[in-house]
Every structure is written in structure tokens, then in C-alpha cells.
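Dumping the structure here so I can ask a few things about it.
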Protein chains: 2
Amino acid sequence: MQEETMTPPELMLENQLCFTIYACSREFTKLYQPHLDKIGLTYSQYLVMLVLWERRQCTVKELGEALFLDSGTLTPLLKRLQAAGLILRERSLQDERKVLISLTAQGLALQQDAMCIPGKMAEGTMLSPEEFVGLLGQFKDLLARVHESNISNSK
Amino acid sequence: MQEETMTPPELMLENQLCFTIYACSREFTKLYQPHLDKIGLTYSQYLVMLVLWERRQCTVKELGEALFLDSGTLTPLLKRLQAAGLILRERSLQDERKVLISLTAQGLALQQDAMCIPGKMAEGTMLSPEEFVGLLGQFKDLLARVHESNISNSK
DNA sequence: TTAAATTAAGTTGTGTACAATACAATATGA
DNA sequence: TCATATTGTATTGTACACAACTTAATTTAA
């Protein structure tokens, strides 16, 4: 008795690591959304601000390396942050290919309003500090592996 | 001696679980890209096809529930799959609000060409089967938690 | 049994992502 | 030194994501 063709387990949605991560990422964004709305940032813009709050100033390239994003994504995003009065964009005088991104006083001040967000997210995920640290370490390791694969594929 | 304002650890990029997952998701998509190019699918389209290869037929709403996507994302994506000749879209006769999505012969046949992809991805991530299963379980658990939070936030 | 509520898709507008390309500035080497 | 290659950013075009809204079909509840 011949069965109808069945999907092998490797092609089933519930066994896809990539899909679980992809869905997880989008659900996390939704968890941030209401809090980010209050300070007028999108999730991607928030990530850019995190980098700038740490470094005060960096180039578009450095932002891209930190966030795994290219100029095609960052340029319009940064223009919107500039239009919102949060950052400055100016050509480097030393190397005119580079564009230096820095915080305005308003952009710096916004960090205070963002302080409460990580706590709200911890509530949302209901992870203990130990679980959080464990997961972060494992996911960073996975990110490093996949990124490494992509690097070597592109050579 | 007053230090200059420093970023607290909770706001540092390297401590963000959400960012690690977000970056991981995009790096995974890049890992799939060259293989999906060969069969003419985008990553999101591949996920839709995974569901259809399993179920043969379902509504837009069911697809959305499986993939955590809404009709605003799915409708244009499905129209592109239809234009590519891989699926059919037809109103349900029982309930004309519903649109039934089903595979064409060509769409069904494409599963054969996709069979090799999971193996290629396993190479790319260099995860042992045990590591894979462990990570999948942890991500699924996290996804369930965050999704649950989002459900209760929207009430 | 209808008026009100709910449901399922589609539409519109904004904001990413990213490949491919363009271009100007800088670095390199014969 | 000057032609070539590389680098850093911007631009263009395609494809998501998703909120907000619209429309039509179906439920429901008074």
C-alpha cells in the first residue's frame, strides 16, 4: 500500500530553527513597540540609539558593523533620526568618504527616557536573570557561527 | 570626582537578547538566500511553501496563524506566488470571507527541489543534532513566552 | 429577524532590509 | 605619478512587516 507523498521532518515548519528565531525576533519587536512609541523610536532606530549612547560618535560603517546592517538600510534611517533632531550627520574632514554620526543634546537626553525599557522587557519575557544570561550566551554563539558561515560564503 | 554619564549595562547593545535574536534571524536569511535563489523563492515565500507542502490547502488566516503574519504581509506575497504559478487563490464557497490557498502541480513539485536545503543549512550552522534540538526547544519556549505576553498586552 | 458586532481579506502608508549599482575620495603599486 | 583598485556612502528597486483602515460576509443577540 503506497502512502501519499509525505513531508519529511526536515521540511516541517515546526522543526525549523530559522523560523522559530525569525518569529521570535518579530514578537520581541512587538513587545518593544508600545514602549518605543512613547519615546518616538522604531525598533531599528532604538538599536542605532543604543550604539550612539555608548559611543557618542561613530561612522555609518561602524554602525553597520555593530548592527549587521548596510548603508542601504542605515542611510534613510539616519536621515529620519536627523529629521527628528536626535542626531547629526556630517562628513569627516580627515576622510571625506566617511559620515560621522553624533548625538544632539536631545538625542543624548532621550537615553533617560529609555532607561525603563529593559525592565519592562524583562517582565514581558518572564526570564530569570540566570536564564537570560544563559540564553544570551547561546544565541550569541549561534549568531557568531552563522555570521562566520556567511563571511566565508561571500569569499 | 564626578564620572561622565555612563550607559548602564541594561542599555548596552551587547547585553540585548532581542538584538542578538534579530541579528541572528537576518544572518540565517542570508544563509538561505543562495539556495532559495536557485528555486526562485524569497525566505518568506519559502516559509509559506513549507506550510502548504504540509497541509496542501489552507486559508490566509491559517497561514497567518502558523507564521505569525497578518494579511497585510501575506496578501501581496501570495499574489506573487500565484503569479509565479506555484499556488492558487480562490474564495471559499462555504464562507466567502475566506480565501483558500492551494498548491499547483508546479508548487507541489518544487518540494523536491527544496529537499536539499535543510542539509545545506545544517552544514552552515555547524550544529550537532543534539545542539540543534536543544536550541530549537529553547527558542520555541522563548517564542511562546513573548507571544503570550503580546497576546495579553493586546487585551 | 434584523441591527450590531465580529470576522476574513484587502488596501494604504511608513519603515525597514538588502542586492545591485553609482560615485567620489583615498590608497596602492608599477 | 598616475592608472588601478579599494573604500565609504548614497541611490534605486524589490520584497517584506505591520498599523490603521475599508469592505464584504457571517454571527450574535435583543
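Below, chains carry the letters A, B, ... as their sequence lines are ordered, and counting in each starts from 1. Predicted, not measured: the structure shown is a model, and the values here were computed from it.
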Phosphate OP1/OP2 of D:dA17: any A:Tyr22 side-chain N/O under 4.0 Å: yes
Touch class at under 4.0 angstrom, heavy-atom based, for A:Gln94 against every strand present: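 It contacts sugar-phosphate atoms only.
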Any donor-acceptor pair under 3.5 Å from A:Glu62 side chain to A:Leu100 backbone: no
Interatomic distance, B:Asp70 CG vs D:dT22 C1' [rounded to whole Å]: 15 Å
B:Val99 side chain, from C-beta outward: closest of C:dA9, D:dC16, D:dG8: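 From the listed options, C:dA9 comes nearest.
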Integer-rounded Å distance: D:dC16 C1' and A:Arg26 CZ: 10 Å
side-chain N/O A:Lys79 vs D:dT9 OP1/OP2, d < 4.0 Å: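 No, outside the criterion.
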Sugar-phosphate only, base, or nothing, as touched by B:Glu65 at under 4.0 Å among non-hydrogen atoms: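 It contacts nothing in the nucleic acid.
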Carboxylate-amine/guanidinium proximity below 4.0 Å for B:Arg145 and A:Glu131: yes
Nearest-nucleotide pick for B:Gln45, side chain only, options being D:dC16, C:dA8, C:dA17: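 Given the options D:dC16, C:dA8, C:dA17, the side chain of B:Gln45 is closest to D:dC16.
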Spatial distance of atom CG (A:Leu50) from atom CD1 (A:Ile117) [nearest 0.5 Å]: 8.5 Å
Nucleotide of D:dC16, D:dG8, C:dA8 approaching B:Leu77 most closely (side-chain heavy atoms):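 Of D:dC16, D:dG8, C:dA8, D:dC16 is nearest to the side chain of B:Leu77.
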Nearest-neighbour nucleotide for the B:Arg80 side chain, D:dA10, D:dA15, C:dG15 considered: D:dA15
Interatomic spacing from OH in A:Tyr22 to SG in B:Cys24 - rounded to 0.5 Å: 15.0 Å
C:dT16 OP1/OP2 closer than 4.0 Å to side-chain N/O of A:Thr42: yes
OP1 or OP2 of D:dG8 under 4.0 Å from side-chain N/O of A:Lys98: no
Side chain of B:Glu96 - closest among D:dG8, C:dT16, D:dT26: D:dT26
Upstream residue (5' side of DNA chain D) when A:Leu78 and A:Lys30 are each assigned their closest nucleotide: A:Leu78
Distance, nearest 0.5 Å, that separates SG of A:Cys18 from CG of B:Leu31: 9.5 Å
Proximal nucleotide (of C:dA25, C:dA17, C:dG10) relative to the A:Asp95 side chain: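 It is C:dA25.
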Sugar-phosphate only, base, or nothing, as touched by B:Thr29 at under 4.0 Å among non-hydrogen atoms: nothing
Closest to the A:Thr75 side chain, choosing from C:dA17, D:dA10, C:dA9: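 Nearest nucleotide to the side chain: D:dA10.
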Contact nearer the 5' end of DNA chain D, comparing B:Ser92 with B:Gly72: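 Mapping each residue to its closest nucleotide by heavy atoms, the 5'-most match is B:Gly72.
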Any donor-acceptor N/O pair under 3.5 Å between D:dA10 base and A:Ser71 side chain: yes
Side chain of B:Arg97 - closest among C:dT7, D:dT9, C:dA25: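 From the listed options, C:dT7 comes nearest.
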